[in-house]
Each structure stands twice: as C-alpha cells, then as structure tokens.
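The basis for the numbers below is simple: all heavy atoms, side chains too, and nothing from hydrogens, waters or symmetry mates. Residues take their numbers from the sequence shown, with the count starting at 1. Remember, it's a predicted structure, so these values are computed and weren't measured experimentally.
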Amino acid sequence: MALELTDTNFQEKVISSDKLTIVDFWAEWCGPCKMIAPILDEIATEKAGAVKVAKVNVDENQGLSTKFGIRAIPTLLFFKNGAVREQIVGMTSKRDLIAKLEALA
C-alpha cells in the first residue's frame with residue numbers, strides 16, 4: 001500500500017530516506033491517476049523492502065506540487081538518496097515502471 005505524503009511529512013519520509021522511492025502526484029478527479037494507482041499498489045507489494053511507493057494529493061498539498069514543478073498529473077517522481085533521479089508524466093505500463101526501477105537500483 002502506498003504511503004500518503006503531505007507538505008509536513010515529505011522531508012522525513014522521502015528526502016531523508018536512502019530507499020528508492022516513487023512519488024505519485026495525483027488528484028481524486030484525475031481519471032489516469034485512478035488507472036495507475038493499482039499498478040503502483042502492486043509494485044509496492046512486490047518490491048516491498050526495496051522500493052517505497054508514496055502518493056501526494058496535489059489538491060491538498062499545493063506546496064509540494066509547486067516545489068517540484070508539477071504541471072500535469074499523474075506525475076511520478078523517482079527519488080534516490082533524497083534527490084529526483086527520473087520523472088514520468090502521464091499513464092505508463094507496469095513493465096515500463098519496473099524497467100525504470102531496475103535501471104535506478
């Protein structure tokens with residue numbers, strides 16, 4: 001299950017973590033966001049211990065959206081050692097997500 005991130009816990013849960021982390025910037029009203037959510041939940045379960053999956057609701061956490069220049073959703077940011085290493089905007093396949101994770105591992 002994905003970890004819910006907010007403006008207040010983002011630093012502690014992502015930036016301070018040395019674990020590879022996918023952060024999904026999403027909104028309740030976003031159709032493609034709802035399509036990618038189950039894929040991210042599967043990855044969170046299958047890669048537990050190696051990869052962390054987290055979500056940021058852009059409507060409730062506008063500070064984070066601004067900080068990372070989120071202009072379209074879903075946007076997935078891949079963090080490693082506290083820094084953004086990759087970004088995917090829009091819907092993508094599980095296969096492509098796994099390939100991206102393996103390239104960053």
Any chain of hydrophobic side-chain contacts (each under 4.5 Å) joining [X] to [Y]?
X   : Y   : answer
L64 : L3  : yes
I70 : L5  : yes
V84 : L76 : no
W29 : M35 : no

### Query
Listed by chain and number, what are the salt bridge (Lys or Arg N to Asp or Glu O under 4.0 Å) partners of K34, not counting sequence neighbours?
none
### Message
Taking salt bridge (Lys or Arg N to Asp or Glu O under 4.0 Å) as the definition, give me every residue that meets it alongside E86, ordered by chain and number, with sequence neighbours left out.
### Response
K100
### Query
Which value, rounded to the nearest 0.5 Å, describes the distance between R71 atom CZ and T66 atom OG1?
9.0 Å
### Query
Rounded to the nearest 0.5 Å, how far does CG of L104 lie from NZ of K80?
6.5 Å
### side-chain contact (heavy atoms from CB on, under 4.5 Å) between V53 and V23, intermediate numbers included
CA-CA 6 Å; V53 177; V23 179; over 6 Å; no
If you compare all heavy atoms of [X] against all heavy atoms of [Y], which two are closest, and at what distance to 0.1 Å?
X   : Y   : result
A72 : V89 : CB-CG1, 3.8 Å
T8  : T6  : OG1-OG1, 2.9 Å
I36 : G90 : CD1-O, 4.4 Å
Q62 : V58 : CG-O, 3.3 Å
I73 : A27 : CD1-CB, 3.5 Å
M91 : P74 : N-CG, 4.3 Å

Do [X] and [Y] come within less than 4.5 Å of each other through their side chains, counting heavy atoms only?
X   : Y   : value
E4  : E60 : no
I43 : I98 : yes
I88 : F78 : yes

### Query
Please walk me through it: do L40 and L97 pass side-chain contact (heavy atoms from CB on, under 4.5 Å)?
CA-CA 9 Å; L40 293 171; L97 286 172; 4.0 Å; yes
Within the side chain of [X], is there an N or O that forms a donor-acceptor pair under 3.5 Å with the backbone of [Y]?
X   : Y   : result
N61 : N57 : yes
T45 : D41 : yes
D59 : E28 : no
K52 : L20 : no

### Task
Please lay out, stage by stage, how Q87 and T75 fare under the test side-chain contact (heavy atoms from CB on, under 4.5 Å).
CA-CA 7 Å; Q87 174 177 315; T75 292; 4.0 Å; yes
### Task
Tell me, with the steps shown, if E42 and K47 meet side-chain contact (heavy atoms from CB on, under 4.5 Å).
CA-CA 8 Å; E42 287 176 22; K47 301 283 187 182; over 6 Å; no
### Task
Take K94 and E46 through the salt bridge (charged side-chain N to carboxylate O under 4.0 Å, His left out) test and state the conclusion after the steps.
CA-CA 12 Å; K94 182 178 178 182; E46 292 170 12; 2.7 Å; yes
### Query
Parallel, tilted or perpendicular for F79 and F68, by the 30°/60° rule?
perpendicular
